[in-house]
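Here the structure comes first, spelled out in C-alpha cells, and everything after it is commentary.
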Amino acid sequence: MASSQISSLGTPVMDPKYAPLPLVAPGHTNDSVTEKIAHMTMEKETPRAWWLTLLVALAMLGGLGTAILGLLFVGIGLWGPNVPVGWGMDIINFVWWIGIGHAGTLISAILLLFKQRWRNSINRFAEAMTLAAVLCALQYPLFHTGRPWLAFYWLLPYPNTMGLWPNFRSPLIWDVFAVSTYGLVSLLFWYVGMIPDLGTLRDRAKNRISKVVYGMLSMGWRNSARHWSNYEKAYLLLAGLSTPLVLSVHSVVSFDFAVSLIPGWHTTIFPPYFVAGAVFAGFAMVLNLAIPLRWLYRLEDVITMRHIENMAKVMLATGLIVNYGYFMELFMAWYSGDFFERYMMKNRVLGPYWWSYAALMLCNVIVPNTLWWKKARTNTIWLFIVSLFVGVGMWLERFVIIVTSLYRDYMPSSWGYYKATQFDWMFFIGTGGLFLTLMLLFVRFLPAVPMSEVKMILPGAEGRVKR
Amino acid sequence: MAQLFPKQANGLSQASIAAGAAVGASVLLTLFLLARSGYATGAGTPYDQPVPFSHNHHTTGVGIDCRYCHTSVETSASASIPPTQTCMNCHSQIWTFAPLLEPVRQSYRTGESLEWRKVNDLPDFAYFNHSAHVNKGVGCTTCHGQIGEMPLVFQAQSLQMQWCLACHRNPEQFLRPKNEVMAPVWNPPANQLEVGMKLKAEYQANPRLSCSTCHR
Amino acid sequence: MSDVHIPISQVTRVSKGASGAKPRFWRSLDELAGSEDIKVWLHREFPEKASEFTDPEGRRQFLQLMGASVALAGLSSACTRQPAEAIVPYAKAPEQFIPGKPVYFATVLSTDGAAQGVLVESHMGRPTKIEGNPDHPGSLGSTDHFAQAEILNLYDPDRSKSVTYRTETQTWAAFVAAIRPVLDAQKALKGEGLRLLTPTVTSPTLAGQIAELLKQYPLAKWHVHDPIARRNAMDGARLAFGRALQPVYEFSEADVIISLDADFLGLGGDKVANARAFSARRSFDTVADREMNRLYMVESSISVTGSNADHRMAVRAAEVEGIARELASAVGLPVEKGALPASAMAKSIVEAMIKDAKVRPTRTLVMVGETQPAFVHALGFAINEKLGSLGTTLILTEPVEANPPSAENSIEALSTDMAAGKVGALFILGGNPVATAVPESGFVSAMKDQTKVALRVHLGLFDDETSELCHWHIPEAHALETWGDARAFDGTLSVQQPLIAPLYDGKSSHELVQSLLGDSTSTSYQIVQAAWKSRIPAAANFDKGWRRIIHDGLVPASAFPAAVAKTTPGAWMQAEPASNQGDLDVAFRLDPNILDGRYANNGWMQELPKPLTKLTWDNAVLVSPKTAKRFSIPEPEGSARGSFVDRVRLEVGGQSVSMPAWIVPGHPDDVVTVHLGGGRKRSGKVGQGVGVDVQSLRTAGSPWVRSGGQVTRDGTRYGMGCTQDHWKMEDASERGLLRTGSYEEFKANPGFAQHPGQPTEMGSLYPAHPYNGNKWGMSIDLSACIGCNACITACQSENNIAVVGKEQIMMGREMQWLRIDRYYEGDSESPAVHHQPVPCMQCENASCEVVCPVAATTHSDEGLNDMVYNRCVGTRYCSNNCAYKVRRFNFFLYSDWDTNSSLTLQKNPDVTVRSRGVMEKCTYCVQRVNEARINSKNEGREIREGEIKTACQQVCPTQAIVFGDLNNAESAVSKKKASPRNYVLLQEINTKPRTSYLASVRNPNPELHPGASEPTEGEAHHG
C-alpha cells in the first residue's frame, strides 16, 4: 500500500541507541507531512484492515443496541447487581471509560502549557479518543438506573412542574456537571485545534461533497496571519480552561465513593489516586491505539520512538502514584485501627474475591514497573502488551473498589456476592464497539495527526513556533 | 481555484449561530409551555357525562349544599360521588319523566351504576385527603374552580405538584372562613392575605411539605 | 465474575455467546410480552438454576417477573398524558358506608387447630389486612404468621372455582341430586357405609350437625385426620386420666419451664397466647419489675422455642423420654430409667434442671410436645401432678376438639374399613388427606382403588391431590367468606362472620353436612344462627345478644372451666423404656411456614425465611455440624446465584428421597430433620413441586420420628434460596450488633449493654432537624422477640410487598422490608440463638438521603426517611450507602400489576404498588401515621399515645416492638429508650438511628453458668 512517494522518502530504521530521538524523522518537508497525513483520510483507498475492524466494531455495537432494548423492555434485573452490591459492571465501566478519556486532555492541554512539543503529533487522536471514551462512559450512568427514561432529565436542574430541584448534595449530580463540562470543553478544544487541518483537507479535496463538508467545518480558514493569531489565542485559552478539568473530573467521580460511609469507599486519598489512575489508563489506551495506527499508516516518522518513549515514561510515573495509592490503602486500614476498615482490607486481599486483588497487583504493579528499563520503553510490542495489562488492571481496580467494598460491609446478615450477567458483558462489549467505531470513522475522515502542529516542529521550523 | 462558497456564506454562517441558538431556545420554551398547557394537564376541558349534570343549576340555581351529595367530604379522604339513590330523592318527585334523566332512572331500576368520567384525576401515587383540607378552611372552589358556574364540570387547576406546593407553602393566600368553605362560587376579599394569616393561626393550618404527606 | 480472572478472555468468550444469542434474544423479546419462552430465557440467565424453574409459565404469571407490555406502559408513562378513569358509584349505597374509610369486622380464623380472634380491615368491601382481636384470648391483639397469610389464600387465583364431577364442571344442584340415592341406600343400612373425614373441628355448630347426622345414620362414623391434631397429647391424657383432656399453660405462674420437645411458641392454636405470657416474664427494665422465668428445652430437632431456651439439650427422640423418666423418678414416680444423652454437659443440665424444679415445685411447668409418644405425655401430667404444679402452672380442661383424635376415629381405622370395602360413601370436609396422610396408613391406596368406595366427595379450597382421587369436588368457602363458629385454645367461643361473598361460590362444611341432612338450600348464616338460638340464653333479645357477640368477636366467659382430674397410676407407668435404635434418627416436623403443605401455594409463606435456617422455597435434610462431618456433607457455598449444597439420599425403612442437606448449628447429633409439606403435586402455580415430599419415609405408628436412617451424598449440587445463613455471622462481638447478657449480669450491672468509650454525641456538618410536632421512633426488645416471623408477614401484607421467587432470592434480591437476623452464641454444637428484627433504622443523619441525586428519599418533619417511589429513578446509590442494607429494589416488575388477577384485590389502597426500577423500604407504616394525623387534626386534638401502631408492632405476639412519639417523654417508646438496655446499631458511624434495641437478657442457671461477668455477644458461627 505504501505509495512511491513514501518509499522515495526512505523511511529510516529506528534505533533506540540514538537519543534524544527527533520528533519528526529527518527529510520531511511541509509538503511531505501534508501528503503523508492527508493521505490517511478520504484521499487514498481504505486499507482492508480498516474495513475488517469496522465490521467487528459494528457487530459489537449491535450488541449494545440489543442490551439496551433488553434493559428497557425487561428491566435492570437483567444485570448483575443486587442488595448489597447495588453497583457492578455499570459503574466499574463508567469510571473506567472516564479514566481512559483523561489522557487526551492531559496531552493536549497540560503538555501544551508545559511546552512539551513532542505532544504535537499525538494530541489529535488522543483528544478524539477522549471524546469517544466520554461518550461510552455516558451510556452507564444513564442506563444503569432502573428508569432511564426519567433519569436522563430528572438529574438536571430545570424549572419543572413538580417544583423540585435535584439533590445538590449528591455526588451523582456533581458527576452530571463535571462530566458534561469536561465533554463539552474537550469537544471544543479538539475541534478548534483541527480547523487549520480541515482547511488543508478542504483545499485538497477532490469531489464537491467533501469540498463542501470540509469547507463548512473549516469555517473559512484561509491561513492568514490574523487567523493564525486568533487561532493560537483560542487554542491557548481552551488549553488553560481544560487543564483544571483534567483534575476536577476524576476527583468528582471519585467523590461518588469517597463521600459515602462504606468501608473501602470512605477514603480521602481517592481524588489524587483516581486522577493518576485515569492518566495511567489513558496513556495505556493511547499507546494501544497509536502503535497499531503507526504501523497501519506507516507513521513511524511522525509518531517517532521519542513520542512512544515519552508516553511510556508518563505511564510509569502515574503508575507509581497509583501503586503508592494501593499501599496507602493498606497502610491506612491498619493505621486507622478501625475494625470495619481492617476487615474490609483483609477480606479484599484474602476473601472470596482475592483473585481480583491479585490480578490487580499483577497488572498495575508488577508489569508496568518493567518500564524502568529503556529496552522495555522502546519496544513497541512489549509496550503494547504492557498497555493492555494496564487497561485490564485499571478495570480490575474499579472492580475491587466497588464490589469488594460493597459485598461485605457492616452487617454480616446482609452480605452477598456479585457476578456479572451476560447482559452486563454484552453492554460492556457494546460500548467497546461504540468506541472503536468512532475512532475508526475519525481516522478515516479527519486528520488523525495534526499537520499544522507537526509542521511547527519540523527541523528548521522552530522559529515559527510561537509557543 | 474556484470559490467553494458564495460571498454571502460568511453572513449566513454568522447568522446560523444566532439562528441555532434561537431554535434551541424556542424548542425548550415550547416544551416548557407544553408541559403546563391544558393539553398536558387536562385542565379546562369539560367531558361528556352519561347525564349532563349541571353543578351550576344544582348549586347556585337550586341552592343544594355540596355535602348533600358529596357526603363524606368532611370525614374521609374521598368526597364520594353520590349513589343514584341520591338523585332519585328529588327526581322521583320532579322531572320524573325528563328524557335527559332516563339513565338515572334506569340505573335506579336496574341497580346498574352510572359511569361518570373522572374530571379531577390525581395520579395514584398522590394521596389527597378531602377532609384534611375542608376542615382547615380550604374551600371547594380553591381547587375545583367556580363550580357553581359550571354547567359541565371541568378541571379548573393544573393539579401539578408545583400548584399543590404553592398553597402548602403559603396557605394564607387561599384560606377562607370555615362557613364559606362550601360556597359554590367564591372570590377572595381584597384583604385576603390579612384574613388568611388570621385564619391560618386560628385553624392551625400548617400544611406539611414532607414527601410522605402525599406520597407513600 | 468469580470464575474469570482476566476480563479480556471473558469478553471474547461472551461476545461469541452474545452474537450467537442475538437471534434467540430477539425472539424472546416478543415472547416476553406473553412470554411463553421465559423458561429458556431464564435458563440462559441463571444457568445453575436451569433445572429448578418448574412450571415457569405459571410461576412467572404469579410473580409477574416481567412482561414487555407493562414495561412499555412504564416507558410511556413518562411522556404521555394520564389515561381516562371512570367513577362508578353505587346505584344504592349500603348503610354506614364511607368511601375511603376502612371498616373493621371481628371474626375468627382457625389456622392452627384453634380459633384466633381477628379484626379484618375491609376497604370498599374487600378485606385487605388481618389484625388480632385484643379481647380474644387466642389473639390478645396479635396473630401468628399463618393468620396473616390467610388473606393471600383468600385471593389465591388457583383456588378451585367450581363443583366438579371427576374432571367435568358440574353444579351444586347436580351434586345434591347425585348423592341423594347413595344417602337413601345408606339410610337403609343405618349408615353403615357412611364415613365423614374432617380436619380438627372446634365448631360447636358443625359438631351439632354431625351429631344430628350420626343420629340419622347410627352406624356412620366420623373420622378425624389433621397433621396438626394433638393425637399423642390426647392419648397421653387418656393414659393418665382415663379420658381426653387438654393442657392449658399458666406461664405467669411458672418460674421454671421444662419443655420436652414442646414447641409451644412455634406451633399450635395457643402459641400466640403462650408467647405473650412467656415473654412477659422475660422482658423488663428494672430488676424490681418481676422475677425472670427460666426455660429448659429438651428437643430432638430444632424449633423456635428451642432458640429461646436458657438451657437447651439437643438429644435424640428416645433420650427425651429418658430425661422425662429421669425427672419422673426424681420426683418419686415409680418408673424405669431410660436412655440418657451421653454428653457430660447434658447430664449436668439435667441435674441442675431437676434441682431447679425441686426448689420451686409448684412454680415449675413440665410440658410435652406432640412429637413425643403418648406415654411421655402421660408421664408429663404425672410429674406436674407430683410437683403440685397441676392446677397452678398447668391447667386441665376439656379438649376444644369436638372429636378429639384417637385410635378409633383415626385415618388408619378409616383406611382399614375402606380396604375391607366397608365404606360406601366417604365425605371429606376440608383438608388434603391424600397428601398429608402417611402413605403407610393405607389411605392413599384405598382412595386410588376405584372398586372400593362408591362415592368419594371432597370439599376443599383447592383442586388438590385429594380432589383428584374423588368423584366430586366442591369448592370450599374460605373462612373469610362464610359463617361459622369456633373455639379458642381455652374453649372461648366465637362466631365467624364473612367479610366478602364467596368469590367462587364456595360452600362451607356446614352447608355440605346440612345437605347430607336433606336440606341443601339453607345458608351457613341460617344454619349457624339457628344453632346459636339455643346457645344465647334469653331468646327474647336474641338479636341483641347475637349482634353483640358478632361485634365483640367472642362470647364472654365461655372458656372451659378447669377440669378436676387425678392421674390413675397403672400399668402404663411400667411401659418399656424407649432406647436409641440405629445410629441415625429421622425427625419429621411440620414446616414452620407451610405446615403440612396447606400453605404451599402461598407466596408469602414460601418466601418467608424459616426461623433458624433462613431458607426459602425449599425443605432440606437438616443436620448438625458433627453429623454432617460423619456423612462428609460440606458447608453451604455462597455465590451470587444462590447458596450451593450437596444433595443427599435420605434412606429409612427401605424408602428413600433425594434432598439437599443443610447444616444447622445446635441441631441434635445423629438426628436429621425433614420438614413436611414439600413436593406438592397439585398445589397450584406457586407451590407446585417446591421442595421434596418426605411422606413416604414416615410410619403411621410413630409419625414424627423414625430410627435407622441412612444418609449418602449423591454427588449432585443444589442451589438454595437462603437469605442469610451461607454468610457467616462473623465478628458479631467486634461489630457490637447484637448485645446480650445473663440475668445475673443484668442484676449486677443493668447497663451491661453499653459499650464504654463509645461516643454518644457526635457532630454533623448538616444542621440538626427541628421537630415541633411529633418525632417518631421505635424500640425493639431483643429479650421479648422470639423470632416467630409474624412481623415480616404482617409487613408484607400491609405494605403490598412483592413476592419475587426463588431465583431472585438466590441472586440476593429478596424484598421483605423487615428481616430477622439470627445470631449464634457459643460453640457450634449447642449454641444459644438470638433473633434481631431489622427494619429501616430511620436514621437522623441518614446516609441514604444525602446521596440520592433526585431527592427521592428525604427527611420528613417528623423524623422519618421518606421514600418517594414515583420520584425514584433507581440509581441504587442509597442502598449502597445504607450501613444496615435495609433498602430493597424492584429489579424487575415484581408486583402483580395484572388488574384482572384476584391478587390485586388484596392490595392495601393506602400504599403505592411499586413499579419496576424503584427503590423501597420500611416506612414506619407512614400510611397509618398519616391516617392518625389527619383524624386528630379533623378532631382538633393531638395524636394520642398508642393511637398509631405499625403493622409489625400490632402483630407482634410478644409486644417486642414499640412505636411512638419521642417528643413525648411519657410515651411507651420514650420509656423504652430510657432503659439501661437500650442501644443502637453501629453507633460509631453517627447515623443516629431512630430504631433502637433493648439488649437481650437470658436467664441461664448460675450453677451451670459460672463467671459470666463479661457481656458476651453473638460469636463467629455459621450454618
Side-chain angles (χ1 to χ4, degrees), chain B residues 39-42 47 49-50 69 71-72 74-88 104 106-119 121-127 129-136 159 161 203-206 208-216, chain C residues 77 79-94 97-102 124 772-773 799 855-872 908-915 918 923-931 933-935 937-940:
Chain B
Y39 170 80
T41 63
Y47 298 112
Q49 300 285 10
C69 299
T71 48
S72 60
E74 289 174 311
T75 54
S76 164
S78 152
S80 76
I81 301 299
T84 315
Q85 225 165 9
T86 313
C87 314
M88 292 305 282
V104 180
Q106 187 195 359
S107 156
Y108 194 65
R109 275 199 307 276
T110 60
E112 288 285 328
S113 300
L114 286 163
E115 264 206 28
W116 304 92
R117 168 78 146 88
K118 197 167 186 185
V119 177
D121 189 5
L122 285 177
D124 296 354
F125 51 72
Y127 287 83
N129 188 307
H130 276 92
S131 67
H133 292 80
V134 171
N135 293 322
K136 291 287 182 184
L159 302 188
M161 183 164 156
Y203 299 157
Q204 291 174 338
N206 312 314
R208 303 174 66 234
L209 292 163
S210 302
C211 305
S212 58
T213 313
C214 312
H215 303 298
R216 27 181 149 122
Chain C
S77 70
C79 40
T80 64
R81 308 162 63 195
Q82 253 182 321
E85 280 191 71
I87 309 177
V88 187
Y90 279 91
K92 303 181 178 66
F97 174 93
I98 304 174
K101 281 249 180 257
M124 312 288 284
N772 309 323
N799 292 303
T857 183
T858 59
H859 210 74
S860 92
D861 58 3
E862 294 181 340
L864 273 56
N865 305 118
D866 292 345
M867 181 67 223
V868 192
Y869 310 121
N870 44 301
R871 176 70 174 171
C872 176
N908 179 354
D910 295 333
V911 177
T912 309
V913 176
R914 278 79 65 189
S915 177
V918 169
T923 64
Y924 270 175
C925 286
V926 67
Q927 66 277 12
R928 295 183 174 201
V929 175
N930 287 356
E931 177 69 16
R933 187 192 305 105
I934 290 169
N935 291 344
K937 280 187 174 178
N938 289 349
E939 294 160 25

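So that the names make sense, note that chain A is the first sequence line, chain B the second, and so on, each numbered from 1. These numbers come from the heavy atoms of this one structure, side chains and all, not from hydrogens, waters or symmetry mates.
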With a 4.5 angstrom heavy-atom cut-off, is it the side chain or the backbone of [X] that approaches chain C, or both, or neither?
X        : result
B:Pro82  : backbone
B:Gln204 : neither
B:Thr213 : backbone
B:Asn129 : side chain

For C:Lys101, enumerate each residue passing the side chain to side chain donor-acceptor pair (under 3.5 Å) test, keeping only those at least two apart in sequence or located in another chain.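 In terms of side chain to side chain donor-acceptor pair (under 3.5 Å), with neighbours along the sequence ignored, C:Lys101 is linked to C:Glu931, C:Asn935.
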Is a side-chain donor or acceptor of [X] paired with a backbone partner of [Y] at a separation under 3.5 angstrom?
X        : Y        : answer
C:Asn930 : B:Ser212 : yes
B:Arg216 : C:Thr912 : no
B:Tyr127 : C:Val911 : yes

Going through the distances and angles, do B:Arg208 and C:Glu862 end up as a side chain to side chain contact (heavy atoms under 4.5 Å, CB included)? CA-CA 10 Å; B:Arg208 303 174 66 234; C:Glu862 294 181 340; 3.9 Å; yes
With a 4.5 angstrom heavy-atom cut-off, could you sort out which part of [X] is near chain B: side chain, backbone, both or neither?
X        : result
C:Arg871 : neither
C:Thr858 : side chain
C:Ile934 : side chain

Could you have a look at B:Gly111, B:Ala79, B:Cys211, B:Ser80 and say which one has the most heavy-atom pairs with chain C under 4.5 angstrom?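 The candidate making the most pairs under 4.5 Å is B:Cys211.
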Choice from B:Ser107, B:Ala126, B:Ala132, B:Ala77 maximising heavy atom contacts with chain C below 4.5 Å: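 Option with the top pair count is B:Ala132.
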Say whether B:Ser210 and C:Asp861, considering side chains only, have a donor N or O and an acceptor N or O under 3.5 Å apart.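 Yes, side-chain donor-acceptor contact under 3.5 Å.
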What residue, out of C:Val868, C:Thr923, C:Asn938, C:Leu864, has the most heavy-atom pairs lying under 4.5 Å from chain B?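 Most pairs with chain B among the choices: C:Asn938.
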Who among C:Asp910, C:Val913, C:Val88 has the most heavy-atom pairs with chain B under 4.5 Å?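 Counting heavy-atom pairs under 4.5 Å, the top option is C:Asp910.
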Once you round to the nearest 0.5 Å, how far does [atom1] of [X] lie from [atom2] of [Y]?
X        : Y        : atom1 : atom2 : value
B:Asp124 : C:Glu85  : CG    : CD    : 5.5 Å
C:Asn870 : B:Met161 : CG    : CE    : 8.5 Å
B:Ser78  : C:Ile87  : OG    : CD1   : 8.5 Å

What is the minimum heavy-atom distance between B:Leu114 and C:Pro89, and which atoms define it?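 That would be O-CD, 3.2 Å.
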